[in-house]
There are 2 protein chains.
Amino acid sequence: MISFEQFKIEDGYPIYTQIIQYIKRGIVAGRIRNQDEVPSRRVLSSLIGVNPNTVQKAYRMLEEENIIESRSGAISYVTVDASKIASIRSQLLEGDLGAVVKAMKQMGISKEEALRLMAKLWD
Amino acid sequence: MISFEQFKIEDGYPIYTQIIQYIKRGIVAGRIRNQDEVPSRRVLSSLIGVNPNTVQKAYRMLEEENIIESRSGAISYVTVDASKIASIRSQLLEGDLGAVVKAMKQMGISKEEALRLMAKLWD
DNA sequence: ACCACCGTATTATTTGTATAATACAGCCAA
DNA sequence: TTGGCTGTATTATACAAATAATACGGTGGT
């Protein structure tokens, strides 16, 4: 069963996208593995304090990306292999890191300064 | 007069926040300076193809942060000094870069790999 | 077989984002 | 001074995100 202990809702982004991100990042990090069980819609919604429909929307979109599988009546579970994990990883990196690189360039920050800032922020 | 030639609407974020970001990043980069004139609500809205109310919302929020000043009937203009520019800069960096550092840590990426990925993405 | 839990579906309501159509008063250059 | 542009305000509509309250049928352990 996937753990959502580290999950915290932040504002600025739709909750369903935060659930999707949390699971994708967990898969990339190896915390979430193939065939792991996913909390039911009702359980997760009451755990993180949102509406079951919000969780359902996140799960449905994950299913459309073939990252989880659901069948009526039964628990849903993760379905990933090595190549899918790699593609999720590059998808997240290009999205997150790419946007920041673009933003810093627009701010007139040099490559060297960007690297120094990131190294400093990392600790 | 501030130029919006480089401005492009992207989806995923509210348009009014994109306008705010564009101006803040321009200020940090030095492209937008103190006392620069801001396009009128109507002019900018027709220039970038959005509703005047959307521009008004962005400008009103910038005014609440004391980044622009408006008076009824007259053109609005930028009001920043060195310390405000510095605070905008760290505000943007902490937000954008900080979020990515957090995300990459959640993905189990090492500091060294993160720096290497950013350097690669920069070019 | 029962029954609690599961996924799924539907309808309604609220809030935020964005558009649309006006309206009014202040500023300022011609 | 006049007329066009300015900021500001109001009302209405549309869509997405999120909540709320149900309802139905499938699954699986006891």
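Throughout, a chain's letter reflects where its sequence line sits, starting with A, and its residues are numbered from 1. In this text, all values refer to a predicted model and were calculated from it rather than measured experimentally. Worth knowing before you read on, the calculation uses all heavy atoms, side chains too, and leaves out hydrogens, waters and symmetry mates.
Residue Tyr16(A) is classed as a sugar-phosphate contact, given heavy-atom separations below 4.0 Å to backbone atoms only.
Between Glu10(A) atom CD and dA17(D) atom C1' there is a gap of 18 Å when expressed in whole angstrom units. Separating the CD atom of Glu37(A) from the P atom of dC5(C) is a distance of 15 Å, rounded to the nearest angstrom. Whole-Å rounding puts the Tyr59(A) OH to dC6(C) P distance at 10 Å. Rounded to an integer number of Å, the gap from Arg41(B) CZ to dT6(D) P is 10 Å. Here dG7(D) presents its C1' atom at 13 Å from OH of Tyr77(B), a figure rounded to the nearest Å. Nucleotide dA18(C) holds its P atom 11 Å from the CG atom of Asp11(B), rounded to whole Å. Whole-Å rounding puts the Glu63(B) CD to dT6(D) P distance at 16 Å. Separating the CG atom of Leu44(A) from the C1' atom of dC6(C) is a distance of 14 Å, rounded to the nearest angstrom.
Crowding of Lys111(A) atom NZ: a count of heavy atoms from other residues, nucleotides or ligands under 6.0 Å exceeding 12.
Nearer the 5' end of DNA chain C, as judged by each residue's closest nucleotide, is the contact made by Ser72(A), out of Asn53(A) and Ser72(A). If Ser40(B) and Thr54(A) are placed on DNA chain D by their nearest nucleotide, the residue sitting closer to the 5' end is Ser40(B).
Shown are Ile109(A), Val101(A), Val100(A); of these, the side chain to side chain contact (heavy atoms under 4.5 Å, CB included) with Leu97(B) is made only by Val100(A).
For Met107(B) against Leu92(A), the heavy-atom pair with the smallest separation is CE-CB, 3.7 Å.
Applying the 4.0 Å criterion to OP1 and OP2 of dG7(C), one finds that Gln56(A) has every side-chain N and O outside that range. Look at Arg42(A) and you won't find any side-chain N or O under 4.0 angstrom from OP1 or OP2 of dC5(C). Not one side-chain nitrogen or oxygen of Lys57(A) sits closer than 4.0 Å to the OP1 or OP2 atom of dA18(D). Listed pair Ser70(B) / dT6(D) fails the phosphate criterion, with no side-chain N or O lying under 4.0 Å from OP1 or OP2.
Under the 4.0 Å criterion applied to side-chain N and carboxylate O atoms, Arg116(A) and Glu112(A) are not assigned as salt-bridge partners. Residues Lys24(B) and Glu65(B) are paired through a salt bridge, judged by an N-O separation under 4.0 Å between the basic side chain and the carboxylate.
Considering only the side chain of Asn51(A), dT19(D) comes nearest among dA18(D), dT8(D), dT19(D).
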Protein N or O to nucleotides 28-30 of chain C N or O, pairs below 3.5 Å:
from: dC28(C); atom 1: OP1; to: Arg71(B); atom 2: NH2; distance (Å): 2.8

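Contact of the Tyr22(A) side chain with the Gln6(A) side chain is registered, since non-hydrogen atoms from C-beta on lie closer than 4.5 Å.
A donor-acceptor pair shorter than 3.5 Å can be found between the side chains of Ser76(A) and Arg41(A).
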